[in-house]
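The structure under discussion appears below in the form of structure tokens.
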Number of protein chains: 2
Amino acid sequence: MTEKPTEPLTDQDFLRLDGQICFALNAATRAVGGLYRVVLKDLGLTYPQYLVMLVLWEHGELPVKQIGRHLRLDSGTLSPLLKRLEAAGLVARERSTEDERSVHARLTAEGAALRDRAVEVPRRIAAATGFDLAEIHDLHARLGRLTAALDAAVPPEA
Amino acid sequence: MTEKPTEPLTDQDFLRLDGQICFALNAATRAVGGLYRVVLKDLGLTYPQYLVMLVLWEHGELPVKQIGRHLRLDSGTLSPLLKRLEAAGLVARERSTEDERSVHARLTAEGAALRDRAVEVPRRIAAATGFDLAEIHDLHARLGRLTAALDAAVPPEA
DNA sequence: CGGCATTGAGTTGTGCGCAACTCAATTGCG
DNA sequence: CGCAATTGAGTTGCGCACAACTCAATGCCG
């Protein structure tokens with residue numbers, strides 16, 4: 001659509017292009033995950049657990065629902081993950097007194113202290129990518145637009 | 001590194017920025033996956049299965065190892081996935097006669113025929129993103145560089 | 001030629017992501 | 001007020017990703 005008629009892409013071309021972009025996004029995500037796995041090993045965190053900790057370090061105590069909004073995750077993923085963080089002694093969970101459906105997650109002293117060791121993580125990652133801040137911001141913006149467009153496109157089908 | 005000294009970013013800033021870019025990449029990947037899940041439902045394929053089929057549609061018969069190279073996946077992921085594709089009647093597997101360690105995957109008639117129905121997938125995805133070809137190519141290039149940089153950075157630690 | 005390292009596929013175990021579901025608490029509406 | 005609909009956590013089941021492992025086939029080197 002909206003392409004110049006100079007080179008009409010065939011269906012085959014579209015399939016190949018689709019494979020390339022999907023593969024690129026997939027591979028990039030898994031490559032990032034792989035690097036974080038190495039870097040986070042010292043902290044005893046998985047990559048998704050690190051993301052949850054980032055949210056808690058920034059916002060303090062939060063109900064599970066809010067964490068999910070920040071990370072685009074539902075309780076099916078977060079409940080067991082938070083249980084593992086609780087078992088690791090980093091997070092405490094307790095039902096809200098004002099709304100007993102809601103469960104609040106907050107950092108333990110140990111969980112809060114882990115932040116001091118986590119500050120080196122982004123530096124090591126940034127060093128590995130070789131991307132500068134401008135590039136990171138640009139990629140961030142593009143991915144944000146992509147996600148927004150897709151999220152807007154998916155629900156209508158439901 | 002290489003930043004102007006006007007605003008020295010604190011550790012906290014780096015952690016927040018890290019969370020933002022990680023989240024963006026993660027969310028984009030999962031948003032893409034979510035859209036493909038919807039679109040691929042008709043074909044009875046998951047997103048990773050679709051990627052494998054794309055490889056087979058393009059290259060024909062391939063040993064598992066080669067598929068893995070294309071998709072950056074190992075046998076731990078591919079073996080059960082291919083078994084499911086085989087159970088679905090789309091793929092056949094047979095040990096190579098010249099090297100009996102190797103297993104070749106090839107399309108069945110049904111698997112090859114599925115391509116005709118798959119050609120609409122990229123169009124529906126592209127329509128949902130609202131991205132034009134130039135933008136897709138640009139994103140593709142950036143993600144490729146990111147993956148290459150990360151893959152170069154990770155193995156050294158092993 | 002014999003034996004050892006390497007290679008390719010597969011299995012096992014753990015954690016994540018998501019759909020579909022249950023259950024209790026809360027909201028809202030007649 | 002009372003009851004149905006909604007909301008928030010949690011559970012279950014399935015598929016994917018990856019580490020660590022097994023096993024057989026191959027390659028290599030003295």
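These figures come from a predicted structure and were not determined experimentally.
- Judged purely by atom type and a 3.5 angstrom limit, A:T108 uses its side chain to pair as donor or acceptor with the backbone of A:L90.
- Distance alone, capped at 3.5 Å, is enough to place a donor-acceptor pair between the B:D74 side chain and the B:T77 backbone.
- Distances shown here put every side-chain N or O of B:K83 at or beyond 4.0 Å from the OP1 or OP2 atom of C:dG10.
- Checking A:D99 against A:S96 by side-chain atom types alone, no donor-acceptor pair falls below 3.5 Å.
- OP1 or OP2 of C:dG10 lies within a sub-4.0 Å distance of a side-chain N or O belonging to B:R93.
- Within a 6.0 Å sphere centred on CZ of B:R16, other residues, nucleotides and ligands contribute 12 heavy atoms or fewer.
- Legend: residues meeting side chain to side chain contact (heavy atoms under 4.5 Å, CB included) with A:L17, ordered by chain and number and at least two apart, are A:Q20, B:L133, B:H137.
- Look at CG on B:L35: it is 13 Å from P on C:dA19, rounded to the nearest Å.
- Rounded to a whole Å, the CG atom of A:L82 is 15 Å from the C1' atom of D:dT11.
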When you compare the protein's N or O atoms with those of nucleotides 20-28 of chain D, which come within less than 3.5 Å of each other, and at what distance?
residue : atom : partner : partner atom : Å
D:dT26  : OP1  : B:E100  : N            : 3.3

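- If you take CG of A:L81 and P of C:dC18, they are 13 Å apart, rounded to a whole angstrom.
- Projected onto DNA chain C by closest heavy-atom contact, A:T77 and B:L78 fall at different nucleotides, the more 5' of which corresponds to B:L78.
- Distance CG (A:L40) to P (D:dA19): 14 Å, rounded to an integer number of Å.
- B:T29 and A:T29 share a donor-acceptor pair across their side chains, judged by distance under 3.5 Å alone.
- Listed by first then second residue, pairs satisfying ring pair (Phe, Tyr, Trp, His ring centres under 6.0 Å) with a partner in residues 47-71 of chain A read A:Y36-A:Y47, A:Y36-A:Y50, A:H59-A:H70, not counting sequence neighbours.
- Whole-Å rounding puts the B:Q66 CD to C:dT7 C1' distance at 13 Å.
- Minimum atom distance to the side chain of B:R72 is reached by D:dC18, of the listed C:dG10, D:dG10, D:dC18.
- Of all the residues in residues 45-60 of chain B, B:T46, B:P48, B:Q49 reach under 4.0 Å from DNA chain D with at least one non-hydrogen atom.
- Partners of A:F23 by ring pair (Phe, Tyr, Trp, His ring centres under 6.0 Å), not counting sequence neighbours: none found.
- At a threshold of 4.0 Å, the pair A:E58-A:R115 does not count as salt-bridged, since none of the basic side-chain nitrogens sits closer than that to a carboxylate oxygen.
- For A:K65, the side-chain atoms get nearest to D:dG8 when compared with the rest of C:dG10, D:dG8, D:dC18.
- Within the structure, salt bridge (charged side-chain N to carboxylate O under 4.0 Å, His left out) pairs that include any residue of residues 88-98 of chain B comprise B:E86-B:R93, B:E94-B:R106 (at least two apart or interchain).
- Atoms NE2 (B:H104) and P (C:dG8) sit 11 Å apart, rounded to a whole Å.
- An OP1 or OP2 oxygen of D:dG15 is reached within less than 4.0 angstrom by no side-chain nitrogen or oxygen of B:R37.
- Rounded to an integer number of Å, the gap from CZ of A:R95 to P of C:dT26 is 10 Å.
- No engagement by B:P80 is indicated, since no non-hydrogen atom pair under 4.0 Å with the nucleic acid exists.
- Rounded to whole angstrom, the span from the CG atom of B:L85 across to the P atom of D:dC14 amounts to 18 Å.
- Taking only side-chain nitrogens and oxygens, B:R30 comes nearer than 4.0 Å to OP1 or OP2 of C:dC18.
- Under 4.0 angstrom from either OP1 or OP2 of C:dA9 there lies at least one side-chain N or O belonging to B:S102.
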